Every structure is written in C-alpha cells, then in structure tokens.
Amino acid sequence: MEEEKKEEEKCYIGLDFSTQQIKAVVINGCLDVVAETHVHFDSMLPEYRTYGGVQTSGSKVTAPTIMWVKALDMLLDKLRVAGVEFSNVAAVSGAGQQHGSVFWRKGAEDILAGLQPERFMHEQLASAFSVQDSPIWMDSSTTEQCALLEAAVGGPAKLSQITGSRAYERFTGNQICKLRMQRAESYTNTERVSLVSSFAASLLTGTVVGIDWADAGGMNLMDIKTKQWDDDLLEAVGPDLAAKLGVPISTSSVVGKMSNYMQERYGFDPECVVGAFTGDNPSSLAGLAMKEGDIGLSLGTSDTVFVWLKDPLPQLTGHVWPNPVDENAYMALLCYKNGSLTRERLRDSCADGSWDIFNELIDATTRGNFGNIGMYYDHPEIVPDGLQGDYRFNKSDEPAIRFAGNETEVRALIEGQMMAKRLHAEQMGFHLTPDTRILVTGGASVNTAILQVVSDVFNAKVYTQSAANSAAMGGAYRALHLAKGGEETIAFSDLIAPVAEEARLVASPSKDAAATYGPLMVRFKHLEQKVVEMSRKKINGE
C-alpha cells in the first residue's frame with residue numbers, strides 16, 4: 001500500500017530554456033499537469049538589461065550565460081513555493097532554444113562538481129565561462145564562417161546532405177568558428193562547448209553532459225546518418241573541437257542523476273534521473289504527441305511545419321534532424337517568414353479588417369479557385385529563399401496584375417500558402433498516407449475556413465492540439481518515459497497515446513480534394529520554380 005501511494009505521488013518535470021523565459025511543467029504519472037511556473041528574463045531579471053531575453057548589437061545577438069543560471073535558481077524556488085515536493089520527482093528532462101552556445105572555461109567541470117548547497121548556483125558559476133555572452137539563434141554575424149564551412153565539404157548542397165541543412169548564420173558550428181577566428185584566446189581557454197539544452201542538463205547533474213543527436217542537427221557539424229561529428233567540418237571550425245564538444249548522445253538517454261548540490265539544497269531524491277535535454281523544436285514534436293505520418297503545423301507570425309520522416313531528402317532550404325523520440329527516424333522543419341502578418345494584410349485590404357468577412361470570401365469561392373494561383377511574400381521568404389512581392393497567375397499560368405475579385409485573392413493566398421507547405425514537405429521525403437493527421441497550433445488554429453483549406457490541400461484530417469508550452473511538455477513526457485525504463489519497457493507513442501487521442505478533429509477533406517489539388521500541386525511546383533528564376537534574374541540584373 002505504501003509503495004502504491006509512493007507511485008501515485010511521483011511527478012516528472014519538463015523544463016524549457018527558451019529565448020524570453022524559462023518554464024517548468026510538472027506532470028504526474030497520468031500525464032496531468034500538476035504545477036507550472038516560469039521566470040521571465042526582462043521583467044524578473046532586469047539587472048541583465050535584456051530586451052526580449054537578448055542583447056543586440058547590429059547583427060550580433062547574445063544573452064548573458066549567467067542569467068540563465070540565475071533564472072534556474074529562481075525557478076526552482078518558485079516550484080517549491082508552488083508546492084512541488086522535490087523528493088517526489090522521479091525524472092527531469094527538457095529543452096533549450098536551438099543553436100545557442102555556452103563556452104565553459106578550463107576548470108569549469110571542477111567548479112560545477114563542487115557547488116556548495118548553501119549558496120545559489122549563479123554566485124558560484126560566475127567565473128565558469130570563457131565567453132560571458134552566449135550567441136543565440138537570432139545572431140546573423142557569421143556569413144564568412146558559413147562560406148568557409150560549405151567550402152570545406154564541397155558546397156551548400158553537400159553540407160546539407162551531410163548535416164541536414166546548408167550553412168546558416170545562427171547554426172552553432174559557424175558561431176564556434178567565429179570565436180576561434182576572432183577571439184582565439186577565448187577559444188583556447190574553452191574546455192567544453194554546450195548547447196543551451198545540454199548546458200541546462202549539466203546544471204542539474206553537476207557534470208558537463210553530451211549534446212543530444214536531435215539538437216546537434218542544428219549545428220552544421222554532425223553527420224545525421226552516422227550521428228557522429230564530421231571530421232572535415234570539425235577541422236574547418238577549430239583545433240581540438242571533438243574534445244570540446246564530447247561525443248553526441250541519444251536524445252533518449254539518461255545523462256545522470258541529480259547532483260549532490262540539487263539533492264542537498266532542494267531535497268531531490270538521489271535516484272531522480274536527468275534525461276538528455278534537446279532543442280525546443282524537437283521537444284515540441286514530443287509535446288504535441290506526434291507519430292509517424294503526422295504533420296505539425298504552427299500558424300503564427302511565422303508559419304512552421306514539422307514532419308516525421310523515415311528516409312529524409314535534405315534540401316537547400318529547411319532542416320532535417322534526428323527524431324527526438326525514435327532513434328531510427330528523422331524530423332524535418334520548415335519555417336516560413338510570411339505567416340499571419342501576410343494573412344492580416346489581405347484581411348485588411350480585401351475584407352475590411354474582418355476575419356468573418358475574410359472567411360465568407362473563402363467559402364464563396366470553389367476549391368481550386370478556378371485555377372488561379374497566388375504567392376504572397378511581404379518579407380524575404382525563407383522557403384524558397386529570398387522571394388519577396390506578390391505573384392498572381394491565371395488558370396493558363398499567365399502572370400496577372402490582379403484577380404477579378406476579393407474572394408479570388410483571399411482563397412489564392414490561403415491555398416498558395418498551404419500548397420507551398422505540402423510541396424516542400426514532400427520534397428524533403430514526407431509521404432502523405434490515409435492515416436496522416438495534421439496537428440494545427442497557433443493563432444489561426446481557431447479559423448475553421450482556413451483549416452478546411454488545409455485539410456483539402458493536404459487531403460488529410462486536421463486536428464487541433466493544445467500547444468501551450470509544448471516544448472516543456474515534451475520534456476515532461478520524455479522524463480516520464482525514461483523513468484518507466486524507456487523504449488525497452490514501453491514505446492513513447494504508447495505512453496503518450498492518451499494525449500494523442502485528445503486531439504480534436506476540426507476539418508476533414510472534401511470528396512473532390514484529391515482530384516482538385518493533385519493537378520494544382522503540379523502547376524504550383526512549376527510556377528514557384530518560375531518565380532524563383534525570375535527573382536534570381538532580377539537580383540543578378542539579367
């Protein structure tokens with residue numbers, strides 16, 4: 001009876017070290033949230049003078065490393081005040097903003113291992129870093145290093161084949177390379193390099209832990225097939241880099257137990273396990289309870305698509321990373337800059353600023369829009385790279401200055417946005433099946449007219465899934481999974497099946513969806529290529 005009661009009291013923590021705050025979600029063995037809290041950097045840690053959690057100087061964007069440590073000190077105190085009994089916590093895992101890097105100085109491992117429980121961590125780790133300000137994902141100051149990395153392996157396409165992405169300024173390998181080139185002494189004085197995710201796990205275990213496979217995919221350094229660092233890329237970035245990075249580890253691994261510091265200061269159980277932390281995007285795939293064949297679609301300021309892949313085909317746009325919950329699979333991520341703000345622009349110009357009128361206009365037009373196709377880019381797009389402006393084509397694929405009516409314009413926007421997402425996901429190796437579910441989150445996930453277009457274009461059922469704190473939830477679910485013995489005991493998909501079943505069906509494809517959008521997808525692919533060519537010629541002055 002006592003054992004049963006103890007089992008019932010067990011809880012599992014998921015942490016998310018994101019750009020603007022760190023969040024904690026605590027769940028019980030039935031997957032119910034029992035506590036949550038956060039520490040917001042700008043408002044709760046004003047002494048670090050961040051704006052949006054970062055410090056910006058031109059193209060250089062960083063965050064004070066020690067701020068993240070102090071935020072964890074505060075978060076653990078807030079959890080205790082919220083009534084969380086740390087002695088009942090069986091496992092902790094979590095996520096970090098992707099690409100950000102932490103540079104531990106020589107001797108830092110000894111400092112970390114010898115933390116004194118009567119003092120805060122941030123007081124003791126102030127001198128543990130060779131670089132005080134961590135470069136983060138918003139940084140774009142490494143164009144020179146990107147060219148160097150691509151040249152090291154024979155060009156952007158080859159780099160994408162190896163690492164899952166061409167060189168991106170925010171990717172960690174390019175940031176490390178910049179440090180070595182511009183601040184050689186700091187690089188030499190660096191004992192270990194962590195990502196934000198592995199750094200967070202290290203604070204809990206008291207040892208610098210390895211970088212997990214899924215988050216390592218965002219570094220331009222790891223061969224995604226072998227899941228090992230690529231020697232040519234390591235050599236291009238800097239000497240002794242393999243030792244500084246450590247060996248990449250499975251995202252499903254236990255990286256250690258709670259440190260003596262955590263046990264003595266907060267009362268964590270000595271047997272409490274710490275699971276590998278991963279990037280926030282991979283962790284969201286876990287938090288949304290996605291499974292093979294599913295598509296995650298976030299419709300926000302920027303639109304994001306993530307898909308579960310078995311046989312990836314990396315492209316020059318988009319990213320492929322190892323899958324965080326299936327060691328034999330991958331995930332692809334596509335990010336679109338022109339999301340809700342572009343939808344709002346056409347709502348304002350075509351529907352008097354009213355979503356109700358906007359939706360009536362969509363419903364007033366037939367599926368397929370009588371063959372009219374539109375592409376709308378307010379800002380230089382990410383996929384395809386650099387496109388900007390509005391492009392309209394009639395049913396004969398001839399350019400059009402404007403469409404006949406507002407209803408045609410509005411449907412062209414939504415159909416065009418969704419056809420682009422389907423096209424690019426399929427180009428990366430995704431295959432739609434009759435069981436495919438599209439899990440939609442974000443601001444537009446409440447708009448039934450838009451969701452019906454999503455369902456028709458993909459010829460798949462659309463579900464909404466509560467995405468509140470999906471990265472932290474992914475950490476909590478993965479912590480529970482590890483505490484139960486991992487894949488050897490229960491498949492992750494079986495563990496979170498109750499969450500997957502809670503997804504609410506909101507749209508089903510119309511009977512003529514495949515017949516309508518099959519031919520339209522072929523035309524869209526051809527026209528997008530045409531627009532890319534036109535844009536390239538314009539840039540080159542041809």
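Please read all numbers here as calculations on a predicted model, not as lab measurements.
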Work out which heavy atom in [X] is nearest to a heavy atom in [Y]; give both atom names and the distance.
X: E487; Y: V325; answer: OE2-O, 4.1 Å
X: L234; Y: A242; answer: CD1-CB, 3.8 Å
X: M121; Y: Y261; answer: N-OH, 3.2 Å
X: T143; Y: S140; answer: OG1-O, 4.2 Å
X: T278; Y: S197; answer: O-CB, 3.3 Å
X: S101; Y: V196; answer: N-CG2, 4.5 Å

Say whether, by atom type as modelled, one donor and one acceptor occur between the side chain of [X] and the main chain of [Y] under 3.5 angstrom.
X: N220; Y: S165; value: yes
X: H99; Y: G218; value: yes
X: N28; Y: D32; value: yes
X: Q116; Y: Q124; value: no

Note: [X]-[Y] ion pair, threshold 4.0 Å (strictly below):
X: R265; Y: E118; value: no
X: K23; Y: E36; value: no
X: R80; Y: D77; value: yes
X: D303; Y: R343; value: yes

Any idea how H40 and H38 line up, ring-wise: parallel (<30°), tilted (30 to 60°), or perpendicular (>60°)? perpendicular
Let me have the donor-acceptor pairs involving side chains of residues 249-258, under 3.5 Å, with sequence neighbours excluded, atom names and distances please.
residue, atom, partner, partner atom, Å
S250, OG, S252, N, 3.0
S250, OG, E327, OE2, 2.5
T251, OG1, D212, OD2, 2.8
T251, OG1, A214, N, 3.3
S253, OG, S250, O, 2.5
K257, NZ, E271, OE1, 3.0

Set of ring pair (Phe, Tyr, Trp, His ring centres under 6.0 Å) partners for W104, sequence neighbours left out: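 Once residues adjacent in sequence are excluded, the partners of W104 under the ring pair (Phe, Tyr, Trp, His ring centres under 6.0 Å) criterion are F129, F199.
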Could you list the residues that satisfy ring pair (Phe, Tyr, Trp, His ring centres under 6.0 Å) with Y336, not counting sequence neighbours? H424
Contact list for residues 471-501, test ring pair (Phe, Tyr, Trp, His ring centres under 6.0 Å), sequence neighbours left out: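 Applying ring pair (Phe, Tyr, Trp, His ring centres under 6.0 Å) to every pair that reaches into residues 471-501, excluding sequence neighbours, yields H481-F492.
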Point-to-point distance, once rounded to the nearest 0.5 Å, from CD of Q97 to OG1 of T19: 4.0 Å
Is the number of heavy atoms from other residues, nucleotides or ligands within 6.0 Å of NZ (K78) greater than 12?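 More than 12 within 6.0 Å, yes.
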Check: residues 51-66 side-chain donor-acceptor pairs under 3.5 Å, at least two apart:
residue, atom, partner, partner atom, Å
Q55, NE2, Y48, O, 2.6
T65, OG1, Q132, O, 3.2
T65, OG1, S134, OG, 2.7

Distance to the ring centre below 6.0 angstrom and angle to the axis at most 45 degrees; does that hold for R105 and F103? no
Which atom pairs, one a donor and one an acceptor, fall under 3.5 Å between side chains of residues 82-93 and the rest of the protein, sequence neighbours left out?
residue, atom, partner, partner atom, Å
S93, OG, A276, O, 2.9
S93, OG, R478, NH1, 3.2

